[in-house]
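These notes are about the structure you will find just below.
Just so we're on the same page: letters track the sequence lines, and every chain starts at 1.
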Amino acid sequence: MSDFDEDDAFEAASRPSLSARAMPARPAPYLDALNPAQREAVEALEGPVLMLAGAGTGKTRALTARIAHLLHTGAARPDGILAVTFTNKAAREMKERVAALLGQPVEGMPWLGTFHAICAKLLRRHAELAGLKPNFTILDTDDQLRLLKQLIAAGNIDEKRWPARLLAGIIDQWKNRAWTPERVPVAEAQAFNGRGIELYAAYQARLRTLNAVDFGDLILQMVTIFQSHDDVLGQYQRRFRYILVDEYQDTNVAQYLWLRLLAAGHRNICCVGDDDQSIYGWRGAEVGNILRFEKDFPGAKVVRLEQNYRSTPHILAAASALIAANRDRLGKTLWTEESEGEKVRLIGHWDGDEEARWLGEEIEALQRGTRGLDPFSLDDIAILVRASHQMRAFEDRFLTIGLPYRVIGGPRFYERLEIRDAMAYFRLAVSPDDDLAFERIVNTPRRGLGDKALATIRAAAREAGVPMLEGARIAAENGRIKGRGAAGLRALIAGLDRWHARQRAGVDHIELAETILEESGYTEMWLQDKSPEAPGRLENLKELVKALEGFENLQGFLEHVSLIMDNETGTDEERVTLMTLHAAKGLEYPAVFLPGWEDGLFPSQRSMDENGPRGLEEERRLAYVGITRARQLCTISFAANRRVYGQWQSQLPSRFIDELPEEHVDVLTPPGLYGGGYGAGGTRMEQEAARADSHASPGWRRMQARAYERPRQTAPVIDLDAVEIFAPGDRVFHRKFGYGAVTQAEDDKLEVAFDKAGVKKVIARFVVAAARADDVPF
DNA sequence: GCTAGGTTAATTTTT
DNA sequence: TTAACCTAGC
């Protein structure tokens with residue numbers, strides 16, 4: 001089922017469009033609010049423009065002003081502007097802000113939306129060129145996985161060794177690169193045990209039969225259509241006289257091709273982005289797109305937005321120095337008119353628990369107002385972590401001290417199990433031939449229909465060449481389904497028939513939804529469930545039904561699902577925000593905490609291992625994003641010891657910490673805390689002595705020594721400890737398992753027969769050669 | 001078909 | 001450590 005907002009597309013077409021000519025040539029007040037650079041970017045309407053907008057430089061303001069300017073001057077009509085974003089949230093915000101600038105609602109901007117929503121709308125118009133019907137379904141990850149699982153099983157592949165998730169990832173990457181099955185390069189032939197391309201082709205064929213597409217297809221199919229149908233392409237090239245793209249650094253190859261095709265004629269394309277904030281390489285984003293812009297569009301005007309309206313000078317300076325260590329960047333110098341503020345604060349802790357404890361206390365202190373700073377509202381404070389599992393430590397701590405917090409991210413409303421189940425029922429009421437929905441709910445609640453019954457139904461459907469619901473009907477009638485399941489299945493079929501009939505008869509959709517949840521036994525299922533989540537799930541179902549109120553019918557609602565996706569559970573209580581660095585992009589907070597700055601955690605070892613220097617640069621951009629979220633106060637912290645997958649590990653402060661300029665950093669080093677060998681004042685000998693004093697353990701000292709030995713300017717990507725390569729037969733030592741012999745070694749994954757602990761699979765960096773066992777701290 | 005207990009593996013996430 | 005996934009036994 002589609003998770004995003006296709007709506008505007010449809011409603012806009014029927015609305016009177018806001019005519020550009022209707023606007024008198026009057027002064028443009030929106031221009032007055034712009035600084036010279038912004039104004040330059042806004043007024044350069046013709047030809048390619050790259051707006052390099054640093055963090056906090058008023059990017060959205062400039063972008064929306066540009067749209068307003070296009071409309072105001074009459075250069076374009078609202079439906080002649082193509083404005084693309086990545087998220088529905090960004091699209092919504094842009095629409096609102098343009099409306100505010102123009103002082104009237106922006107109706108008739110049918111082509112302002114996400115890449116996916118706009119492509120979906122285009123693809124519905126030209127579905128037949130892709131072998132689809134205009135009412136195709138858009139599958140989400142779950143549907144996709146279910147489908148792939150079937151194909152993997154059909155291909156006699158062991159799903160345990162070759163999971164559907166992996167295949168989904170591979171196909172996704174291929175689609176991001178705009179490779180149809182025929183165009184996947186031979187170099188990829190070994191993917192998925194050599195069966196990848198074949199399964200990809202099978203998957204695409206299956207999608208076509210189901211009259212369905214996945215997210216990647218929305219873009220890919222449109223690129224394919226544009227490439228092979230000049231008339232269609234020409235039509236849209238003429239229509240979209242002006243193109244605007246937000247977050248250009250996040251575009252993947254397919255999106256890039258799509259844009260380039262559309263802009264090829266008039267070349268009025270304005271891309272806005274920040275190469276320093278490209279943090280989505282792992283999902284196909286190509287920083288190269290933005291770095292290459294001037295080559296792609298010769299004669300492009302490049303405007304740099306460098307005046308920052310968000311952060312204090314120290315915060316900006318720290319962030320700038322950090323990002324300067326990256327090689328692949330266009331380069332910007334952020335500056336601000338703001339006066340001096342707090343330096344970036346740096347603090348080390350003994351372990352992760354202490355870090356969490358300190359953070360909790362510090363937040364409470366900020367709330368009260370300390371050190372001459374005005375009190376902060378909890379709403380003004382955010383904790384940004386590299387990986388979501390890091391949030392737990394803080395949640396635990398905040399729960400014990402009763403500090404209210406909210407977590408951003410995690411499964412969205414519409415992704416939740418109960419919502420997806422309910423939606424599947426609704427989908428079936430609207431279109432009974434939705435097989436994926438049918439499979440989802442056929443045994444939810446339990447109806448005694450297991451794998452065997454499902455296989456029977458599927459077979460019956462295939463034999464008769466009908467959807468699964470019909471197959472089920474056949475199987476139920478001719479007695480192929482027996483026992484407990486038969487009654488359950490018959491009841492389900494009767495229910496689905498009834499609900500579909502009512503839906504067609506135009507019964508009030510809210511009432512219908514309630515009936516469906518009631519009669520299907522779905523609500524009852526959760527009422528009976530005694531697990532702690534059950535009440536919350538029932539609550540969510542109520543909310544779902546409530547969300548229906550805003551729509552005329554179920555179809556409309558199903559198209560609009562995305563609208564409920566970020567419904568903040570509105571409590572007015574102040575709360576600290578916890579989220580990942582990725583989720584924080586585009587946001588800002590007066591006070592930001594950045595915990596867990598330890599090598600291996602951040603920068604993430606995996607990122608460095610898998611992508612080498614490129615991975616490290618992306619991690620550094622993530623660090624840059626983190627620091628630049630802060631308006632007044634930015635606090636970086638790390639712990640010397642941390643439990644990683646249940647095992648205690650000693651940690652080294654992040655190499656990014658070494659890259660922060662000392663003059664902009666304030667090292668908070670309460671007695672007994674480790675300052676990180678960083679700008680702590682005093683001579684090195686004094687520092688060492690002081691530290692040895694408070695922490696006399698040999699392991700501690702060794703760790704200190706190692707911290708000093710590390711190169712200051714970070715060239716090496718790989719930690720020395722991680723370099724050690726083992727082969728079968730090697731004697732090794734593991735902190736927890738003791739001594740053992742390597743039996744198998746593949747990259748950094750080892751199988752070791754430990755003398756005492758038995759055979760275990762371990763990661764190479766958790767062991768050292770037995771001869772070096774003494775080097776292991778603690 | 002369901003549940004309890006063992007096994008396994010472990011970023012980032014939008015559409 | 002933990003959570004998700006799977007298998008064996010009811």
(request) Rounded to the nearest angstrom, tell me the gap between atom NZ in A:Lys585 and atom P in B:dT15. (result) 12 Å

(request) Report yes if at least one side-chain N or O of A:Thr580 is closer than 4.0 Å to OP1 or OP2 of B:dT11; otherwise report no. (result) no

(message) Please determine whether a side-chain nitrogen or oxygen atom of A:Ser604 lies at a distance below 4.0 Å from atom OP1 or OP2 of B:dT12.
(response) no

(request) Looking at every strand, decide which applies to A:Ser607 at a 4.0 Å heavy-atom threshold: base, sugar-phosphate, or nothing. (result) base

(message) Taking B:dT11 as the reference, what is the distance to C:dC6 when you measure between their C1' atoms (whole Å, please)?
(response) 24 Å

(message) Rounded to whole Å, please give me the gap between CD1 in A:Ile481 and P in B:dG1.
(response) 10 Å

(message) Across nucleotides 2-7 of chain C, 5' to 3', mark each nucleotide with B, S or - according to how protein heavy atoms within less than 4.0 Å reach it.
(response) SS---S

(request) Name all residues meeting the side-chain contact (heavy atoms from CB on, under 4.5 Å) criterion together with A:Ala491; count only those two or more places apart in sequence or in a different chain, and write none if there are none. (result) none

(request) Specify the residue among A:His582 and A:Gly216 whose closest nucleotide of DNA chain B lies further upstream toward the 5′ end. (result) A:His582

(message) If I take atom CD in residue A:Gln605 and atom P in nucleotide B:dA9, what distance separates them, rounded to the nearest angstrom?
(response) 20 Å

(request) In whole angstrom, give the distance that lies between atom CG of A:Asn443 and atom C1' of B:dG1. (result) 9 Å

(message) Restricting to salt bridge (charged side-chain N to carboxylate O under 4.0 Å, His left out), what partner residues turn up for A:Glu524, sequence neighbours left out?
(response) none

(message) Distance check needed: B:dT15 C1' versus A:Tyr280 OH, whole Å only.
(response) 12 Å

(message) If you assign each of A:Leu622 and A:Arg447 to its closest nucleotide in DNA chain B, which residue comes earlier from the 5' end?
(response) A:Arg447

(request) With sequence neighbours left out, write down each residue that passes salt bridge (charged side-chain N to carboxylate O under 4.0 Å, His left out) with A:Glu286, or none if nothing qualifies. (result) none

(request) Between B:dT12 and C:dC5, how far apart are the C1' atoms? Round to whole Å, please. (result) 23 Å

(request) Please report, rounded to the nearest Å, how far the P atom of B:dT12 is from the CZ atom of A:Arg283. (result) 13 Å

(message) Starting the side chain at C-beta, find the nucleotide from B:dT15, C:dT1, B:dT12 nearest to A:Tyr645.
(response) C:dT1

(message) Measuring from the side chain of A:Arg446 (C-beta onward, heavy atoms only), which nucleotide among B:dG1, B:dT11, B:dT13 has the closest atom?
(response) B:dG1

(request) Could you list the residues that satisfy side-chain contact (heavy atoms from CB on, under 4.5 Å) with A:Ala164, not counting sequence neighbours? (result) A:Leu145, A:Leu148, A:Lys149, A:Ile152, A:Glu159

(request) Output the single nucleotide from B:dT15, B:dT11, B:dT12 whose closest atom is nearest the side chain of A:Asn88. (result) B:dT15

(message) For a quick check under 3.5 Å, do A:Gln249 and A:Glu247 share a side-chain donor-acceptor pair by atom type?
(response) yes

(request) Report yes if a donor N or O on one partner sits less than 3.5 Å from an acceptor N or O on the other, where the partners are the side chain of A:Arg643 and the base of C:dT1; otherwise report no. (result) no

(request) Determine, using ring centers only, whether A:Phe86 and A:His116 are less than 6.0 Å apart. (result) no

(message) Just to be sure I understand the rule, does A:Leu449 reach a base, reach only the sugar-phosphate, or reach nothing, if contact means heavy atoms closer than 4.0 Å?
(response) sugar-phosphate

(request) Can you tell me the distance, in whole Å, between the CZ atom of A:Arg420 and the C1' atom of B:dT15? (result) 13 Å

(request) State whether A:Arg606 places a side-chain N or O below 4.0 Å from either non-bridging phosphate oxygen (OP1 or OP2) of B:dT12. (result) no

(request) For the side chain of A:Glu610, starting at C-beta, report the closest nucleotide among B:dT11, B:dT15, B:dT13. (result) B:dT11

(request) Using salt bridge (charged side-chain N to carboxylate O under 4.0 Å, His left out) as the criterion, list what pairs up with A:Asp421, not counting sequence neighbours. (result) A:Arg440

(request) Can you figure out which of B:dT11, B:dT15, B:dT13 approaches the side chain of A:Trp282 most closely? (result) B:dT13

(request) Calculate the interatomic distance between A:Gln390 atom CD and C:dT1 atom P; express it in whole Å. (result) 19 Å

(request) Measure up the A:Trp258 and A:Phe226 rings against each other and bin them: parallel (under 30°), tilted (30 to 60°), perpendicular (over 60°). (result) parallel

